[in-house]
Amino acid sequence: MGVKLWHIYFIRDCKYVKPEPKDKLIIVTSAIDGEYIGFFINSRISDFVRAQEHLLECQSYIRASDHTCLTHDSTVSCDTPYLFTEDDLSDIRDAVSDDAKNVILRAVKICTTIPRRYKREILKADTDENDV
């Protein structure tokens, strides 16, 4: 089937969630070195992020009305990209709306915490919505 860029996936027991893995929705934006770059979708912005301007500007909003898999408006945490394998990405939920994609790309462009090579791949892949 292939992984679709700019789609929302459900990850059961996501290993990147600390202190204990839990279920997460993520947005896959691009691929690098045989893995896929994704950002967490969160219910809210944490107090820690709110207190740090350089992290706060890396958050973007995604509307539930544009995405059937969301039960409420949420945020995309673009400050920390995570790598996922194709095996991780078996439960596709929804395509990302054009509005949400544009807001995410704006956040990625200004975010200073994303490694440069990841940022390049995300911005390069912003027009490639085909299967990888």
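Reckoned from all heavy atoms, side chains included, excluding hydrogens, waters and symmetry mates.
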Would you say the side-chain atoms of Asp23 pair up with the backbone N or O of Arg12, donor to acceptor, closer than 3.5 Å? no
With rounding to the nearest 0.5 Å, note down the distance linking OG1 in Thr29 to CG in Leu5. 7.5 Å
In one Ile/Leu/Val/Met/Phe/Trp/Tyr side-chain cluster, 4.5 Å: Trp6, Ile11: yes
Under 4.5 Å between side-chain heavy atoms, hopping through other hydrophobics if needed: is there a path connecting Leu70 to Ile45? no
If two hydrophobic side chains count as joined below 4.5 Å and joins carry through other members, does Ile37 share a cluster with Tyr82? yes
I need the His67 NE2 to Ile62 CD1 distance, nearest 0.5 Å. 3.5 Å
Test of understanding: clusters of I, L, V, M, F, W, Y form through side-chain heavy atoms closer than 4.5 Å, transitively. Do Val17 and Leu89 belong to the same one? yes
Do Leu105 and Leu55 sit in the same hydrophobic cluster, where Ile, Leu, Val, Met, Phe, Trp and Tyr count as joined when their side-chain heavy atoms come under 4.5 Å apart? no
On a heavy-atom basis, the closest approach of Ile8 and Val96 is CG1-CG2, 4.0 Å
Using a strict SG to SG cutoff of under 2.5 Å, would you count Cys58 and Cys111 as disulfide-linked? yes
Check: Tyr9 side chain, Lys4 main-chain N or O, donor-acceptor pair, under 3.5 Å: yes
Anything under 30° is parallel, anything over 60° is perpendicular, the rest tilted; go ahead and classify Phe40 against Tyr16. tilted
Using the benzene-type ring in the case of Trp, are the ring centres of Tyr118 and Phe39 under 6.0 Å apart? no
When rounded to the nearest 0.5 angstrom, what is the spacing between CD1 in Ile122 and NZ in Lys119? 9.0 Å
Among side-chain atoms of Asp94 and Thr68, is any donor-acceptor pair under 3.5 angstrom? yes
Under 3.5 Å: donor-acceptor pair, side chain of Ser74, backbone of His72: yes
Are Arg63 and Asp99 close enough for a salt bridge, meaning some N to O gap below 4.0 Å? yes
Student check: side-chain heavy atoms of Phe84 and Val3 closer than 4.5 Å: no
Got Asn42 and Lys24 here, is their nearest side-chain heavy-atom distance under 4.5 Å? yes
Using side-chain heavy atoms (C-beta onward) and a distance below 4.5 Å, is Gln59 in contact with Cys78? no
Just verifying a value: how many Å separate Thr85 OG1 and Glu35 CD, rounded to the nearest 0.5 Å? 7.0 Å
Reported CZ-to-CD distance for the pair Arg106 and Glu57, which is rounded to 0.5 angstrom: 13.5 Å
Gap between atom SG of Cys14 and atom CG of Asp88 - 0.5 Å precision: 8.0 Å
Nearest heavy-atom neighbours spanning Ile104 and Ser60: CG1-OG, 3.3 Å
